[in-house]
Each structure stands twice: as structure tokens, then as C-alpha cells.
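In this chain, residues are counted from 1 in sequence order. Below, each value reflects all heavy atoms present in this structure, side chains not excepted, and no hydrogens, waters or symmetry copies.
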Amino acid sequence: MSAGQTLDVGLYEEHVLPRFVDVALGGAALGRLRARVAAGLDGEVLEVGFGSGRNVPYYPAAVTRVRAVDPATVGRKLAAKRVAASSVPVEYIGLDGESLPLDDDAVDHVLTTWTLCTIPDVDAALGEIRRVLRPGGALHFLEHGLSPELKVARWQDRVTPLQRRLAGGCHLNRPIDELVAASGLRVGELSTSYGSGPKPMVYLYEGVATKTGDG
């Protein structure tokens, strides 16, 4: 890849992609899903994949502070008005979900929405999420991933290499529930369904996974 191509890719990922994602993951229908997955949050919350702050309007009043992690600095500009309008304070603390700058047992809840698909080492990120959660705290997640339908899953495998290039590393074929469970969190609530759009793109996992008192 030439220097010019590298520059073009960098500009796309830093400036174009965050704006596209902000629009693509907006709208009333997805807003209702965001409200539902955020409904049980309270106390100190970490949001991994904060992006443009699309979840900010749905933070419950019981949330005392949100600590935000996201690699896209342009997202902060897109989020500025939403953050300013929120009664919940937001503190940006880092860029990398694989290495969280927090002590063990630091937060009451973690929130991720359309995030676990893009983190390169998702196992490391989930391990970090488990580490920073207080015992009894929970990961609230709304993610897209691997479909149980074999035909759809095959298409997800075929399309994922291109999807990763166009969508900031996004994988369509990650088994989100299995990954969360493998981290040591206990998946207590889980619902799956297809959203609106082509099936390989929109198989959704919505759930809550708790850090048990023994770990």
C-alpha cells in the first residue's frame, strides 16, 4: 500500500466512518433498543465504544457518572451536543477497550452497543470489562453477530473480510453470547432477533451478563 493510499484509509477511518456510523446507527427504532439495554444502569458506568454519544439520551437518572472509552476522536465532536444536554456527567478516560485505565472492581455497570464486533482482541476487552466490574455488577450489551441460520452464517463468513475493511474492523460473524460467557461473566438475560436490513448484517444480541461474587 502506498503512502497516499495509507493516508486515504486513515482519513476515511478517522473522519468519514464515524460520521457514517453516527447516521447509520441513529433513528427511532434503534433508539428504542438503546433505551431498553440502558434501562437497568445505575451508579458508576463505563461505556466501551462511546462513539458519537448515541446512548447518552437514554442514560437513566440513577446513573451518577459515565466513563467513556472510544478510539475515534472525531466521535467526541459529534457527541458534544448530546453530552452537553445530559444531566449525567461524561468523562473520557481512554481509547482502547483492550486495556482499560481503571482499577479492579471500579464500576457498577458496563455498556456496549455495536462495539464488540470491532475490537481486534475481543477476548482481551471482555476480560478487562470483567476485571473493572464490581462483584454483582453487569455488562449490558446490544451487539450484532453470528446468526444461528447456517445459510446466513455462511454469508457472514464470506462478507466479513470486506466488512472489516469498510467498517472499521467490524466482524459480522462473532458469537457474542459465547464470547461474553467465555470471559467468566454469567449471561442471565439474553434475547436475539433480526433487525431491519439484510440478514447477515442485522442479527442482534441483547442481554445482561453479571460478574458473580466469587470472581
Side-chain angles (χ1 to χ4, degrees), residues 13 15-43 45-90 92 97 109-119 138-149 152 155-156 159 163 166-172 174 176-177 180 187-209:
E13 291 187 348
H15 296 280
V16 177
L17 185 59
R19 291 176 169 85
F20 172 79
V21 171
D22 178 55
V23 174
L25 294 181
L30 296 188
R32 288 190 289 271
L33 296 180
R34 293 179 186 277
R36 194 164 65 199
V37 76
L41 300 175
D42 60 16
V45 174
L46 168 68
E47 183 170 353
V48 179
F50 183 81
S52 60
R54 280 287 182 181
N55 291 322
V56 171
Y58 306 106
Y59 295 153
V63 174
T64 56
R65 177 173 58 166
V66 170
R67 298 174 181 178
V69 171
D70 196 277
T73 54
V74 169
R76 297 189 186 189
K77 296 179 181 178
L78 299 174
K81 289 184 179 180
R82 296 176 184 124
V83 171
S86 175
S87 61
V88 178
V90 174
Y92 292 98
H109 298 279
V110 178
L111 175 65
T112 72
T113 58
W114 291 280
T115 295
L116 299 179
C117 60
T118 61
I119 298 175
L139 166 65
H140 299 243
F141 59 93
L142 174 60
E143 303 287 345
H144 69 153
L146 185 67
S147 168
E149 292 186 60
V152 176
W155 272 108
Q156 290 177 314
V159 175
Q163 176 78 358
L166 295 179
C170 174
H171 296 69
L172 299 171
R174 285 181 170 172
I176 299 299
D177 55 342
V180 172
V187 180
E189 301 176 25
L190 179 67
S191 63
T192 57
S193 63
Y194 288 105
S196 299
K199 279 188 169 184
M201 314 291 287
V202 295
Y203 189 73
L204 300 177
Y205 294 75
E206 179 184 346
V208 178

**Asked** How about Y203 and T192: does a side-chain donor come under 3.5 Å of a side-chain acceptor?
**Response** yes
**Item:** Distance-only donor-acceptor check, side chains E143 and T112, under 3.5 Å
**Value:** yes
**Item:** R36/E206 salt bridge by N-O under 4.0 Å criterion
**Value:** yes
**Message:** Would you say that L172 contacts M201 through its side chain, given a criterion of any heavy-atom pair below 4.5 Å between the two side chains?
**Reply:** yes
**Request:** Hey, could you give me the NE2/OG1 distance between H144 and T115, rounded to the nearest 0.5 Å?
**Result:** 9.5 Å
**Prompt:** Would R76 count as a cation-pi partner of Y92, with NZ or CZ less than 6.0 Å from the six-membered ring centre and within 45° of the ring normal?
**Reply:** yes
**Message:** Measuring from atom CG of N55 to atom CZ of F50, what distance do you get when rounded to the nearest 0.5 angstrom?
**Reply:** 8.0 Å
**Prompt:** Do L46 and L111 come close enough that some side-chain heavy atom pair is under 4.5 Å?
**Reply:** no
**Asked** Taking I176 as the fixed residue, which of V187, L142, L116, L190 is the one that meets the side-chain contact (heavy atoms from CB on, under 4.5 Å) rule?
**Response** L116
**Prompt:** Do H140 side-chain atoms and V208 backbone N/O form a donor-acceptor pair below 3.5 Å?
**Reply:** no
**Item:** Point-to-point distance, once rounded to the nearest 0.5 Å, from CD of Q156 to CG of L146
**Value:** 5.5 Å
**Asked** So does D22 pair up with R82, basic N to acidic O under 4.0 Å?
**Response** yes
**Asked** Does R34 reach the side chain of P57, with side-chain heavy atoms less than 4.5 Å apart?
**Response** no
**Item:** Spacing of CG belonging to L204 relative to CZ belonging to F141, to within rounding of 0.5 Å
**Value:** 11.5 Å
**Message:** For the residue pair Y194 / S147, report whether a side-chain donor-acceptor contact shorter than 3.5 Å exists.
**Reply:** yes
**Asked** Does P60 reach the side chain of L41, with side-chain heavy atoms less than 4.5 Å apart?
**Response** yes
